[in-house]
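For reference, the structure is listed below as structure tokens.
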Amino acid sequence: MVAPSVARPRTLPRFSGLGWRRARWGYVFIAPWLIGFLAFTALPMIATLVFSFTNINLTQTEPLRFVGLRNYETLLRDRQTWTSLGITLKFAALALPVAIVLPLLVALLLHSRHLIGSGFFRVLFFLPYVVPLVATVFIWGGMLNPETGWINGALETLGVQNPPPWLEDPGWVYPGLALIGFWGIGAGVIVYLAGLKGIPTDLYEAARMDGAGAWASLRHITIPMLTPVIFYTIVLSVVEVLQYFLVPLVLQEGTGEPGGSTMFYNLYIYKNFFTFQNMSYGATLAWLLFVVTLIITLILFGTARRWVFYAGEAR
Amino acid sequence: MTAITVAGRGIVGRRRARAATGSRPPRERGDSTRSFLITLITVLAIAAFLSPMLRSISYSLKGIDQITQAHSPLYPADPVTFSYQGQDLPLMNVPLPDGTTRQLALLEPLRRQSTFVDPAAPDAEPIVWQGSWRTLEPVWQFAPHWENFAKVWDLIDYPRLLFNTVVIAVISTIGTLLSCTLVAYGFARFRFPGRNLLFTLLIATIFLPAAVTIIPTYTIFQKIGWVGTWLPLLVPAFFANAYDVFLMRQYFMTIPTEMDEAAAIDGAGPFRILVSVVLPQAWPVIVAVAVFHLVYSWNDFFGPLLYTAGKPDIQTVALGLQRFNGIYYREPGLIQAGTLMTLVIPVVAFLLTQRFFTRGIVITGVDK
């Protein structure tokens, strides 16, 4: 996983009497998080696993007991589970490039030395990021309305004969949701911009001396120097997109319309534990999501060695 | 050694951000054409990017007459009428046989031919026009319907929702500030066995899917009777969270320890040093965390959905808006007015504090 700043490999210091007293203060100060971590993260995680081997639900008509692997058998036979997992992965394939590349393009634009009023535009690009999700959904729901929305209005003006029905069609709903995702790029833009600002200018000057053009500079300096930021954005975006469900939940009130196409995996979990109050099966589904997320994250970290470039490494 | 950049809720420490701003190369002479082009591209991009907001504002001011009317203007407008012998006649753009188009008031609409009155000469003989009046475009006049906002204010009981949202946001922000300050101080200033492991664990929780903890948490809250109250939204805030601890710790690490040590020699204990020495130097990060958490709490949808469902009296603005949409979805003007009433406070809060957001906003701790 992530090795934060203090995780430098070193031997633990020996703690003398005074050191121990300081150490005890350290534990006192981090206690709120430690207690919170146990109460709201560690124990619930274990409980989720335990739940998946029981028949627990909120109505509990039959007595609570262990049922072995029954929930996992149900999981294997439940076609909706695999349909929902497929929907989530399909949407991820569409939305991830948007979440990773689009903020980079905007950041490059904002970082351009030719741009006048960069700070002003940066504020405007970030602005929708602080708009509440529900508001974003209703604003875009109107924007993507096949009859009254401005997207189709613009397409018709440009001469498109039959503009797409967007959110009302099982095929077009995913590009529609990806468009709604545009309003979430603000954070990515800011992260990339900070990354761009961290690239020493002397690298570009050296490249220019060697006759490199703008494209060569981008390919051989900017992108390699940004790989740590790109990597971080990819990991966080993957974790986020695997959990995607709030927009369809608000948009279609969790029905999965049109035609079941928005029954995302996390929405299916939510349906099971919140609507049907079936805690044990919800927990089984949640555990599968955790395993899938963990595997993908580990694969990403495994590939990082090959392409993520840390400038400080050689030092 | 890994770059940790916390999307959305991070900052770059003030010092680091200042050091980094120098890297944007200076503009050179003779670049004005490129400047113009790139700025133009950016203006067009931002116009497209924010156009949904513009549509929302326009719709929030439209009356229901205009919304149900195809080919009405993009801006809020009402059809113009002309008062004729005690009647309000709709004004139409009528193409006449001589090739001109005149604005005439529709007196007698019939299928094949209609009779019009000329507003410029109402006493003259009415004009008979051949053709279906339904093909004619009405005359529109800019007319914002501000009353949409007043209607929504009453219909969703906005003052109540606002009160709920503010109370939840303020209490949970206080909890976050208190707990995250302590925890960040602990990680930044003290050495203890297991510190690195615990800190790694803290960061790892950022990557943990919420689904894997939510079901038992919800079950427990249900069993102890907290579902249907604000407690599940408030209490966890007092136990710190990874984003804000990380952010504050990074900032605390940039504050030199010499003054801590001087205070310690004078006999100040760790709490005293935190309050009197560290915090006075850390206000930018405190403001940043406060604003991040206020906006986060304001915008939170899933938490209030889980724990206040079916209890309109204790719901937040975000949830109230969704409930409102379920009832009034046939009146897009009202929905968009409600939408703007939901987003205005976080947006203004961001604009007022955007220096803290943008001058630092993300920790790009390319930390070692």
Side-chain angles (χ1 to χ4, degrees), chain A residues 1-7 22-23 25-27 29-30 32-33 36 40-41 44-45 47-48 109 112-116 121-124 130-135 138-140 143 150 187 190-191 194-195 197-198 201 228-229 232 236 239 243 266 269 273 279 282-283 286 289-290 293 310 312, chain B residues 1-5 7-8 12 20 23 25 27 31 34-35 38-39 42 46 51-52 55-56 179 182-183 185-186 190 192 196 199-200 203-205 207 209 211-213 215-217 219 236 239-240 270 295 299 301 318 321-322 332 335 339 342-343 346-347 350 354 358 361-362 364 367-368:
Chain A
M1 293 298 287
V2 177
S5 57
V6 290
R22 296 256 326 147
W25 274 111
Y27 291 121
F29 281 112
I30 69 160
W33 172 71
F40 301 119
T41 306
M45 265 184 81
T48 302
L109 193 63
S112 162
R113 66 196 159 99
H114 300 291
L115 179 64
I116 301 161
F121 290 116
R122 186 179 51 189
V123 170
L124 289 185
V130 299
V131 171
L133 176 106
V134 185
F138 292 152
I139 290 173
W140 275 93
M143 193 74 180
W150 284 8
I190 299 288
V191 174
K197 284 180 176 167
T201 34
V229 181
Y232 178 80
L236 211 70
V239 173
Q243 300 187 66
N266 227 8
I269 296 180
F273 92 88
M279 299 315 190
L289 177 68
F290 174 64
T293 308
Y310 292 110
Chain B
M1 189 187 328
T2 307
I4 296 171
T5 41
V12 183
S23 86
R27 208 175 299 135
D31 281 350
R34 282 177 91 169
S35 278
I38 289 199
T39 309
T42 312
I46 201 76
S51 62
R55 181 186 181 275
S56 176
S179 57
L182 295 177
V183 176
Y185 181 59
F190 297 87
F192 47 87
N196 297 343
F199 193 71
T200 309
I203 299 304
T205 60
F207 299 93
V212 82
T213 58
I215 294 172
T217 310
T219 309
F239 293 92
V295 171
N299 294 358
F301 177 72
L321 178 65
Q322 197 220 12
I335 300 300
T339 299
T342 308
L343 66 79
V347 165
F350 159 67
Q354 58 89 10
T358 49
I361 220 155
V362 177
T364 14
D367 283 340
K368 316 276 150 39

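All values below were derived from every heavy atom in this structure, side-chain atoms included, with hydrogens, water molecules and symmetry-related copies excluded. Order of the sequence lines sets the chain letters (A, B, ...), proteins ahead of strands, with each chain counted from 1. Just so it is clear, the structure is predicted and the values come from calculations on it, not from any experiment.
- Note that the CZ atom of A:F29 and the CZ atom of B:F190 stand 4.5 Å from one another [nearest 0.5 Å].
- The candidate with the highest count of non-hydrogen atom pairs below 4.5 Å against chain B, out of A:V239, A:N266, A:I139, A:I269, is A:I139.
- B:S35 contributes a side-chain N or O that, together with a main-chain N or O of A:H114, makes up a donor-acceptor pair within less than 3.5 Å.
- With hydrogens and angles disregarded, a donor-acceptor distance shorter than 3.5 Å links the side chain of B:T219 to the backbone of B:I215.
- A:Y27 and B:F192 have tilted rings, their planes meeting at an angle from 30° to 60° on a 0 to 90° scale.
- The backbone N or O of A:V130 lies less than 3.5 Å from a partner atom in the side chain of B:N299, making a donor-acceptor pair.
- For B:T39, the parts lying near chain A are the backbone and the side chain together; criterion is any non-hydrogen pair under 4.5 Å.
- A heavy-atom distance below 4.5 Å is found between the side chains of B:F207 and A:L236.
- Within the 4.5 Å cutoff, side-chain heavy atoms of A:V123 are placed close to those of B:F350.
- The residue among B:P270, B:G186, B:A240, B:S51 with the most heavy atom pairs within less than 4.5 Å of chain A is B:P270.
- Heavy-atom distances place the side chain of A:W140, and not its backbone, under 4.5 Å from chain B.
- Interface summary for chain A: among B:T342, B:I335, B:T42, B:T339, the most heavy-atom pairs under 4.5 angstrom belong to B:T42.
- Residue contact with chain A, scored on non-hydrogen atoms closer than 4.5 Å, involves the backbone and the side chain of B:P52 alike.
- Counting heavy atoms from C-beta outward, A:S112 and B:R34 have side chains that stay 4.5 Å or more apart.
- If you measure heavy-atom distances from B:T213 to chain A, the contacts under 4.5 Å come from both the backbone and the side chain.
- No other option in A:W150, A:F290, A:F273 has as many heavy-atom pairs under 4.5 Å with chain B as A:W150.
- The candidate from A:A135, A:P44, A:P132, A:G36 with the greatest count of non-hydrogen atom pairs under 4.5 Å with chain B is A:P132.
- Your options are B:T205, B:L321, B:T217, and the one with the most heavy-atom pairs under 4.5 Å with chain A is B:L321.
- Both the backbone and the side chain of A:T41 come within contact range of chain B, each with at least one heavy atom under 4.5 Å from a heavy atom of that chain.
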